[in-house]
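Throughout, a chain's letter reflects where its sequence line sits, starting with A, and its residues are numbered from 1. The figures that follow rest on heavy atoms only: side chains count, while hydrogens, waters and symmetry mates do not.
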There are 2 protein chains.
Amino acid sequence: MASHGARGRSGGRPTLEEVAARAGVGRGTVSRVINGSPRVSDATRAAVEAAVAELGYVPNTAARALAANRTDAIALVVPEPETRFFAEPYFSDMLRGVGAELSDTEMQLLLIFAGNDRERRRLAQYLAAHRVDGVLLVSVHADDPLPDLLAQLEIPAVISGPRSEHEALPSVDSDNYGGGRSAVEHLIARGCSHIATITGRLDVYGAQRRVDGYRDALRDAGRAVDETLILPGDFTEEGGRRAMTELLARRPRLDAVFAESDVMAAGARQVLREAGRRIPDDVALVGYDDSAIARHMDPPLTSVRQPIEEMGRAMTDLLLEEIADRRPASSRDPERRRLVLPTELVRRDSS
Amino acid sequence: MASHGARGRSGGRPTLEEVAARAGVGRGTVSRVINGSPRVSDATRAAVEAAVAELGYVPNTAARALAANRTDAIALVVPEPETRFFAEPYFSDMLRGVGAELSDTEMQLLLIFAGNDRERRRLAQYLAAHRVDGVLLVSVHADDPLPDLLAQLEIPAVISGPRSEHEALPSVDSDNYGGGRSAVEHLIARGCSHIATITGRLDVYGAQRRVDGYRDALRDAGRAVDETLILPGDFTEEGGRRAMTELLARRPRLDAVFAESDVMAAGARQVLREAGRRIPDDVALVGYDDSAIARHMDPPLTSVRQPIEEMGRAMTDLLLEEIADRRPASSRDPERRRLVLPTELVRRDSS
DNA sequence: AGGTAGTGTGGGAGCGCTCCCATGAGTGAT
DNA sequence: ATCACTCATGGGAGCGCTCCCACACTACCT
């Protein structure tokens, strides 16, 4: 006697078994049809599909997850407080890309914030329980332990913005080197002769690469790189102000600044304006990110655009692949696992 | 012989059975400890907890879901395109409230957009598969079929902003009536004598209630309600402009406007300014929502604040209750199932 | 004709848990 | 000492699926 019989019986959702009975086939066959296996004859497939439709059968995800040891869900992990998530268009663009790529998939997307210790502990628990098949990691700092946790748990993951040249995880990045380079080449072409740069936090790999691009662009144009024109910033507006102030003191005659984020460019602009320098006539200014700030600045800011939505799509693709052929990540072609997408210089009136 | 033995065996995650063996107790007992049942002796509980810690045991969610017929997840369904979700602080506040209330729970929150047909079909499929234990519904229009689908599927749900006075679902709302009333009472107290209102879309129940509050405030102050001072808007800036233009034409001498959303107030402000009316000296202006727009308007806008975050918390509470005592919703005390939270008039310089 | 592949199908076993029944030990009243 | 309860505990059955082995049955080669 079925002690639980009353629960599932009649009235509950139909099961595979019931569909099988209706279609006059075995349980295994229905499963094959549901999962799109090619090893089913056309006639049988049609019969099963009819039964599925008549009964309104919908697979039980929990049972499937238990039996197949997968969850059909991936997580987008945001190691930032919610406020930043809503404030920065970066995340919404990324989310749009991921969502688009997932939309013709059975995969479910979870959004998980890990902005504080409590949330991080929760996330760790969550991952330990293997409640997702894979993880999309955005905006990770160099010293974040999350990627290592993922590796240890053997959960497929893709990171946007590798932590270093030797990033172990598959990654998708925009061409920070090329972005920095194109900004400077543009300033050179414009006729600027004293080009400074305000860098991002140099513990962020991408920020380093932008500086590399700056250096190489100058060198390739036959100019000497003057290290005193390279000022460390921290991606903040205040940092931009500080660096610009210092720069103006060091080099009153400079005629171009490449700020490696729009926010820092905004800070620099304030200082330039207070110093009575006109943009772009006295000093040309170029930013990075092509954010809303850039478009609304006065004058509108030339900026390097990163294809964020496309990065989201690419990350998702990569992750789905990783999940599909679930073998030790290290045994696969490393080249396929590092994508770098091109950036684009958007010219506006500030240069 | 276990044909699958190789998969789960040694190296995989520990199971309940393994914890039981380690602690020297039965499977049932471990399950009781894990789930916090009181029917376990202290000594046994301690032994089990030790074993759990040593083995690093984490329950398998899929197995639990299958056996217990629940998912430990709820969904926040947003029947809007993503863009609006990010643009309007309403959602981020709501999300914060829900998240806070869930944070000391095992419940997982899913964010689901249903802004277009495709997404809606996906959602329907998702709900049919009972992949969540309950649903939080925000920003639902009067003719949305979603609530009925939920009812039919017998999925517990709570709606923010009931669709009518007779809303079948449990609901949480802010006191739209009281909000409208307090805005108008404020304008009366200020000495205004010709008070107009620009309403929201009247197929939204809350918008109607604000108008009711407007009417009653005037009536209770012993004033006649002049229907020509009630202009229909649609919550948009353009709608606010149109209504204000019409209003100015109808009643050149009006000295106060209650716009039932900040966005419409912004539209009205433009028209007033173009007409050379000073705010608040010539015309006092009050908005609704207390959004960022209100704070940044010139002059800063007096506005009715809704406790959105708190509404999120309340909805979550209600939903968790619904899920906990899962009986036909109709058999429960209806009073507990409709919450109305107070609004607050935030006075600024526009009135 | 016999053998060998291949192809479609049925169904057993098992995934890791919860639910519940049965059991045995302990407690206090008769 | 006996009975009636209560309380902690063990473990069987079952949740609905996937995986895979075994079994027809066909088609093609010697």
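- Comparing D:dT18, C:dG8, D:dC17 by their nearest atom to the side chain of A:Thr44 picks out C:dG8.
- Using a cut-off of 4.0 Å between Lys/Arg side-chain N and Asp/Glu carboxylate O, A:Asp117 and A:Arg122 are scored as not salt-bridged.
- Closest approach of A:Arg64 and A:Asp72 over heavy atoms only: CD-OD2, 3.9 Å.
- Across D:dT18, C:dC17, C:dC19, the shortest atom-to-atom separation from the side chain of B:Ala68 is found for C:dC19.
- Classification of B:Arg338 and B:Glu167 as a salt-bridged pair fails, no side-chain N sitting under 4.0 Å from a carboxylate O.
- Contact annotation: A:Thr29 reaches the phosphate of C:dG10 (side-chain N/O to OP1 or OP2, under 4.0 Å).
- Atom-to-atom, CZ of A:Arg39 to P of D:dT18 comes out at 18 Å; the value is rounded to the nearest Å.
- In this structure, A:Ser31 reaches the D:dT18 phosphate: one of its side-chain N or O atoms is under 4.0 Å from OP1 or OP2.
- At the phosphate of C:dT9, OP1 or OP2 sits under 4.0 Å from a side-chain N or O atom of A:Ser41.
- Residue-to-nucleotide contacts include a donor-acceptor pair under 3.5 Å from the side chain of B:Arg27 to the base of D:dG12.
- Atoms CZ (A:Arg32) and P (D:dC17) sit 15 Å apart, rounded to a whole Å.
- Atoms CD (B:Glu17) and P (C:dG14) sit 13 Å apart, rounded to a whole Å.
- DNA chain D is contacted by both B:Val40 and A:Ala63; B:Val40 maps to the nucleotide lying nearer its 5′ end (nearest heavy atom per residue).
- Atom CZ in A:Arg70 sits about 16 Å away from atom P in C:dG16, given to the nearest Å.
- A salt bridge between B:Arg337 and B:Glu322 is present, with a side-chain N of the basic residue lying under 4.0 Å from a carboxylate O of the acidic one.
- Between B:Asp42 atom CG and D:dC7 atom C1' there is a gap of 13 Å when expressed in whole angstrom units.
- The CG atom of B:Asn69 sits 16 Å away from the C1' atom of C:dG16 (whole-angstrom rounding).
- Whole-Å rounding puts the B:Leu66 CG to D:dT18 P distance at 12 Å.
- The side chain of A:Ala67 approaches C:dC15 more closely than any other nucleotide in the set C:dC15, C:dT18, C:dG10.
- In this structure, CG of A:Asn35 is placed 9 Å from C1' of D:dC17, rounded to the nearest angstrom.
- In this pair, A:Phe85 and B:Phe86 present their aromatic rings tilted. The plane angle is within the 30 to 60° band.
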